[in-house]
Amino acid sequence: MFALALALGGCAAVEVRDTKIKSSNDGAVVVRVLPNVQSSSQFFKNWQSLKVARVPQTGDSAEVEYAVSAKTDAASRSAIYAGTLPPGQYRFVQFSAQQCGYMCVSSWLNVGPKFSRFEIKPGQITDLGVVVQTDPQDGSRRAVLTHESTNDDALTQELIREVLPELQPMMSRPRLSWSVESVPSSMAAMQRTAIQSSYGFISPRETEDGAFLYGTANGVVGWWKPGVSHEVYDIGERVSVDSVLVLPDSRWMAAGEFSTVKISADRGRTWQSVRGNLPFGLVVDLNLWRDSVILTLTQGKLVKIYSAPAGSDQWKLVAEHATDVNWFFDMQGVRPQSLLLGDVLVTTIPDRQLSVLDLNVGRAELRKLPGAIQMFSASADGALRCRCISVIKVDPYESHDLGKTWVESTASRFMLMPAFRDKLNGVAFKGGFMSPSTFTYTSDGGTTWVEATEAPLYFHQLFYSRDGSKAYAATMLGNLWQTDNDGRTWLPIK
C-alpha cells in the first residue's frame, strides 16, 4: 500500500478500484500484462498499478482516472489486473512496466491515445486477454504493446474462479472485449512480430540430434543447434514457458504459467494440452524419469510434485510441501527448483528446506538447507550446491550426501551455480564486482577455481552438451559462447 501511495502521489483524483462490486451499475475489466522484454527476474517483481481513464461522455468535462492493482498468482512473469469500474468508454493511461540497466526495476510506461480502447457495461466483464510488452525492433526506446484483436479467453473463467471470485456473479452474462473499431489495423502484424521476437533462453534441454530446446517469455519454444539459426515455435498461449522437455520418442513438452502443459508430436508445429487434472498453478520444472514425466508445480504456498506416463494427461500427486518464507529474513520471490539425480528428485522448498524424493518408493524426506535459498544446482555425481543466506550475507555451500550435511564451498560468492561434466571438471561464471566478469573452471571437483576468459556479457546459465564434449554459456537474450576444453578458453558462437 505504501508503494502504491508513492506511485500515485500527487494524483488525488485517481480512485483505486479492486474486484469488490461497489454499485449494481458497475462492470469489471480483467487483463493480463506479460513483459516480453528483459524484465525483472524472479527476485524483482514489484508490479505497480494499471491506470485507466474513462473517456469524457456527453456532458462530462474531463477524463476520470482509476487505478487497478496487480495479482501474480500462478505466474512467473505475468501480472493479472482486475477491478470494477463505472460504465463508459475507457483507454489505458499508464502501465507498470520493467526497465533494465545494470539491474531491473519497475517503471511507468505511458500509453498513447491511439492504443486500443474498451467499454465497461453494467454487470458484465470486459475480458481483454493479454497485453504483451515487447521491445521495439527498430532500436527506438518506445515500447510496443500488442494484444489479440478479439478475445475469447477460456483462461479468464479459471482466473475468476481461482483468483478473482468476487467477479463470479458477472460470469453469467456475455463477456465484452476490445472495442473493435479502436484497434489499430497494424495490431495483428505487431502481434506476430512479438511472437517471433519472444524474449529469453530458459531451461535449455538437448535433443537426440545435438540441438537444444528452450523456453521464452511469450508462449514460444525455441530450437537452436550450434552453427544453425534459432527457430521459434508458438505453443498458442501468451504465457511464459518456464520449462521444456524432450521425450524418448522425440516429442516436445512445454510448461509454465497458469498450469499450461503442452505436447507436440510434430517438432513444434502443432501443440495439444496435457494439463488434464492438474490444479491451477505455476509449473516450474519438468523432468523425465524412466518413462514418466515428473512435474513440479506451485499452488499458493504449496509445492506439489506430480507424475504421469510420458504423453499422458492423468497426473498423480507424489509429494506436497508447504513453503515458509519470512519477509524480513528470507529471500523473496525465489521459486522452487527440481533436479533429477538418478532415481532421486531433489526440490528446493523456499525458504530453507530441501525435499529428497525417492521415486522408486514415492517417499519424500525434508532436509534443512544451510540458509535461505537464493540459487541451487546439482551435478551428476550427486553433489548439491547452493547460494544461501545463513545470517546476513549470501555464501556458497555444498553437500555430498543429498543435503544431510552442508559445508562452506571454496567457490566465490560472486560465482553463479557451476556446471559439471563429471566429478572433477566443471565451469562457472563469476560476476565482476568493481572488476571484469570472467569464466572460471575447476579440475579438482571445485576445491580450486581458476579464472580464464574475460566475459563482456552477463551469462545467466551454463550447461554441458549431452556427450560432455562442449559446455555452453547463455544470456537471456540468446547470446551463446562455448568451450571445448572444460573452460580453459571460451569463444562466442556466431
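In this chain, residues are counted from 1 in sequence order. Note that the structure is predicted; figures quoted are calculated from it, not measured.
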Enter the distance from R385:CZ to S399:OG here, rounded to the nearest 0.5 Å.
10.0 Å
Does any non-hydrogen side-chain atom of D343 lie less than 4.5 Å from one of W289?
yes
Could you tell me if the side chain of E454 sits less than 4.5 Å from the side chain of W490, heavy atoms only?
no
With a 4.5 Å heavy-atom cut-off, do Q353 and T348 have their side chains touching?
no
Any side-chain to backbone donor/acceptor pair from W315 onto L295? Under 3.5 Å, distance only.
no
Test applied, ring-ring contact (aromatic ring centres under 6.0 Å, His included); reference residue, Y233; option that passes from W223, W252, Y214, W224
W252
Please verify the inter-ring angle class for W481 with F439; under 30° counts as parallel, over 60° as perpendicular, anything in between as tilted.
tilted
Atom pair CD (E408) and CD (E398), whose distance is rounded to the nearest 0.5 Å:
10.5 Å
Are the side chain of T410 and the backbone N or O of T447 linked by a donor-acceptor pair below 3.5 Å?
yes
Flag the pair L366 / H321 as yes when at least one side-chain heavy-atom distance between them is below 4.5 Å, and no otherwise.
yes
Compute the ring centroids of F463 and F212, then answer whether they are less than 6.0 Å apart.
yes
Q299 versus K304: any side-chain heavy-atom pair under 4.5 Å?
yes
Minimum heavy-atom distance between L282 and A75, given as atom pair plus value:
CD2-O, 3.8 Å
E257/R77 salt bridge by N-O under 4.0 Å criterion:
no
Is the closest side-chain heavy-atom distance between Q133 and L34 below 4.5 Å?
no
Here's a test for you: under side chain to side chain donor-acceptor pair (under 3.5 Å), which of N218, N36, T146 qualifies with R238?
N218
